[in-house]
Novice: 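Encoded as structure tokens, here's the structure I'll be asking about.
All heavy atoms count here, side chains included; hydrogens, waters and symmetry mates do not. Here is how names work: the chains are called A, B, and so on, in the same order as the sequence lines, proteins then strands, and each is numbered from 1.
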Amino acid sequence: MVASLDRTIATPSFTRRMADRGVIGVLAILVAGLAGYLLMPNNLALLTQMIAVAMLVLSIDLVTGYCGVATLGHAALFGAGAYGAGIAAVHFGITDPVAMTAVGLLAGAAAGLVSGFVILRAHGLAQLVLSIAVIHLFHEAANKASGWTGGSDGLSAITPDAFFGAFEFDLWGVTAYAYGVILLAVVFLALQILVRSPFGMLARGVRQDQIRIAAMGASSHSVLLRMYVISGAVAGVGGALSAISTQVVGLDSLSFTLSAEALVMLVLGGTGSLYGAMIGTVVFMLFEDTLSAANPFHWLTIVGALLIAVVLFAPKGLYGSAAAFAGRVRRRPA
Amino acid sequence: MKSLFEVRNLNKKFGGLVVTNDVSISMAPGDRLALIGPNGAGKTTFINLVTGNLQPDSGDVTLGGENVTRLGPASRVHRGLVRSFQVTRLFQDMTPEEHVALAVLQREGHSGRMFGHYSGRAEVMDEVSAILDRLGLFDLRHLKVREIAYGQQRLLEIAMAMALKPRVLLLDEPAAGVPQSETARIEAALASLPADLAILMIDHDMDLVFRFAKRVVVLAAGTVIFDGLPKDVTQNARVREAYLGSYADAGSAA
Ligand SMILES: Nc1ncnc2c1ncn2[C@@H]1O[C@H](COP(=O)(O)OP(=O)(O)O)[C@@H](O)[C@H]1O
Ligand SMILES: [Mg+2]
């Protein structure tokens, strides 16, 4: 029964350690960012929006992939960040892009606290329904508070300052894109540290067995609520980036549709992995862009077919399945 | 001796089935108590009731003089009441080292740390290694739980309970599923625990029970039918009847 005993455990390889520390991920983000700039120079607005949505998908991954809470209302956190940054700029004259990002982060964290508090009251299906109720309530609140949010017309005339007084937010969106790539790298690094920390381990434990967590003397509820706040901060940064780059915030940023699409992107890429969240976003949004241009009527059909194929044949998502396959190949004796 | 852990008049019904019937058990520091009884007697339910995993219909649980009956499981663990599970509850994609480290960090109040790796603190890792070593899991410490044998998972279950440094330790069939060759490890590990720790162990292996216990409680159909010294238990008429009865039932059911 101790067949595995003779498998000696070497110290982790250099690449493994670099991957664990997020160095490889950050490099990959920077390289992909540069590649995007070189390959699609006329589409930087789309790429920037992709980065903003990737942060939403990462934030869903924190609560869904790592902690096991299913939610269809997570755009509430993204929208809170977008409106937070937009309102700060339009109504309070906070137009420094970094300050706007900070406001978005705080607004997202606050929205995370509120919606986490509500959603974590329930479990299972009731939890999912509560998350839908939350997104509708946020949406309706933003619609009603039109003095602040512009209601259904959206909040426009957001004019961020030049970066450090030097880099204007130009028509081509180079500055916003570069800022987005850097923000994503920073967020990724922070999350990589988080998921590797003792708290990250506890979160994975909460997903797997809350009775065991309690038997260790830890509180699942407290872990989940803290993760919701962090998740809100991440989604809020994404929302702020969206507000800064598009210079408008609309009610669609607080919508059920965005919540659901972001969850689909996560499942597509693979839950429980930061890479999966980012890859799912990129694949989905590139698909959406190319297919909707080629065939505006049937692109959703194709996305649906793709999703069915992934769920049936690669249930761990694109990244998760590829990683599992790579792991099997590596372990196979030479 | 003053009692450290006291259960008074505990009752629990599942629907119409009485599973815990007016059970009172107390333990002093250093107690080594075996809780035995036929399958379905209500032993696991008793543990679930005292740890807060189930709410009793009536009765009280006190720990160090404090009534903990209304507290949740985690709060009872903070006060030193720790259990292991009859059916292993572990995190399949984590390693034994991660399990024990998480338990030690949790005990020390550091499990909520959001940066740094669990292996970053030398004093934590020394303790983790010592616990793993004591249960013969050191060489397996970097494998995922799903990659190790069930018997080894059982040992890890005990390692986690030990890592929490309990005052009262409740072990639900720790040796079930552990190969005979490894039960000595469990005994040695239990023997290495602080003398003032109170341990209640459920097990069906009577040899193990007799080596371990200074006191035996027998539960049958939710009722305590014996509470006394190990040497008296096999001669007790009610105990013999309970066991014979259940064997007779099992025989007729088969
Ligand atoms: N959650 C539950 N709901 C209903 N019946 C239960 C539940 N848990 C245990 N039982 C029943 O209670 C009785 C005692 O079970 P248990 O405490 O597991 O016994 P033991 O551990 O002594 O074998 C059994 O008849 C079992 O079927
Ligand atoms: Mg049992």
Novice: Quick one: do Gln127(A) and Leu120(A) satisfy side-chain contact (heavy atoms from CB on, under 4.5 Å)? Show the steps, please.
Specialist: CA-CA 7 Å; Gln127(A) 192 166 57; Leu120(A) 297 174; 3.9 Å; yes
Novice: Decide if atom CZ of Phe115(B) counts as having more than 12 heavy atoms of other residues, nucleotides or ligands within a radius under 6.0 Å.
Specialist: no
Novice: I need the contact set between residues 48-74 of chain B and chain A: heavy-atom distance under 4.5 Å, sorted by residue number.
Specialist: Asn53(B), Pro73(B), Ala74(B)
Novice: Decide if atom CZ of Phe14(B) counts as having more than 12 heavy atoms of other residues, nucleotides or ligands within a radius under 6.0 Å.
Specialist: yes
Novice: Apply side-chain contact (heavy atoms from CB on, under 4.5 Å) to residues His123(A) and Leu130(A) and explain how you reach the verdict.
Specialist: CA-CA 10 Å; His123(A) 298 279; Leu130(A) 277 184; over 6 Å; no
Novice: Side chain, backbone, both or neither: which part of His99(B) has a heavy atom under 4.5 Å from chain A?
Specialist: neither
Novice: Is the NZ or CZ atom of Arg328(A) both under 6.0 Å from the centre of the six-membered ring of Phe325(A) and within 45° of that ring's axis?
Specialist: no
Novice: Identify which of Leu202(A), Val195(A), Ile193(A) forms the greatest number of heavy-atom pairs closer than 4.5 Å to chain B.
Specialist: Leu202(A)
Novice: Less than 3.5 Å apart, any donor N or O on the side chain of Thr101(A) or Tyr179(A) sitting next to an acceptor on the other?
Specialist: yes
Novice: If you check every heavy atom in residues 211-221 of chain A against those of chain B, which residues fall under 4.5 Å?
Specialist: Ile211(A), Arg212(A), Ile213(A), Ala214(A), Ala215(A), Met216(A), Gly217(A), Ala218(A)
Novice: Any carboxylate oxygen within less than 4.0 angstrom of a Lys/Arg side-chain nitrogen, looking at Lys144(B) and Asp93(B)?
Specialist: no
Novice: Taking side chain as everything from C-beta outward and backbone as N, CA, C, O, which of these in Gln106(B) sits under 4.5 Å from a heavy atom of chain A? Side chain, backbone, both or neither.
Specialist: side chain
Novice: Under 6.0 Å between the ring centres of Tyr118(B) and Phe199(A)?
Specialist: no
Novice: By the definition side-chain contact (heavy atoms from CB on, under 4.5 Å), identify the one residue from Leu191(A), Thr271(A), Val234(A) that meets it with Asp61(A).
Specialist: Thr271(A)
Novice: Check each atom of Met160(B) against the heavy atoms of chain A and say whether the ones under 4.5 Å are side chain, backbone, both or neither.
Specialist: side chain
Novice: Classify the side-chain pair Arg141(B)/Thr95(B) by whether it contains a donor and acceptor separated by less than 3.5 Å.
Specialist: no
Novice: Which bit of Leu102(B) is near chain A, if near means a heavy-atom gap under 4.5 Å: side chain, backbone, both or neither?
Specialist: both
Novice: Taking atom types as modelled, find out whether Tyr228(A) and Ser115(A) have a side-chain donor-acceptor pair closer than 3.5 angstrom.
Specialist: no
Novice: I need the residue from Arg113(B), His78(B), Arg76(B), Gln92(B) with the largest number of non-hydrogen atom pairs under 4.5 Å to chain A.
Specialist: Arg113(B)
Novice: Any chance NZ of Lys12(B) has more than 12 other-residue heavy atoms, nucleotides or ligands included, within less than 6.0 Å?
Specialist: yes
Novice: Does Leu125(A) have more than 12 heavy atoms from other residues, nucleotides or ligands lying within 6.0 Å of its CG?
Specialist: no
Novice: Quick check on the interface: out of Arg107(B), Arg83(B), Met94(B), who has the most heavy-atom pairs with chain A under 4.5 Å?
Specialist: Met94(B)
Novice: Given a strict heavy-atom distance threshold of 4.5 Å, which part of Arg204(A) is in contact with chain B: side chain, backbone, both, or neither?
Specialist: both
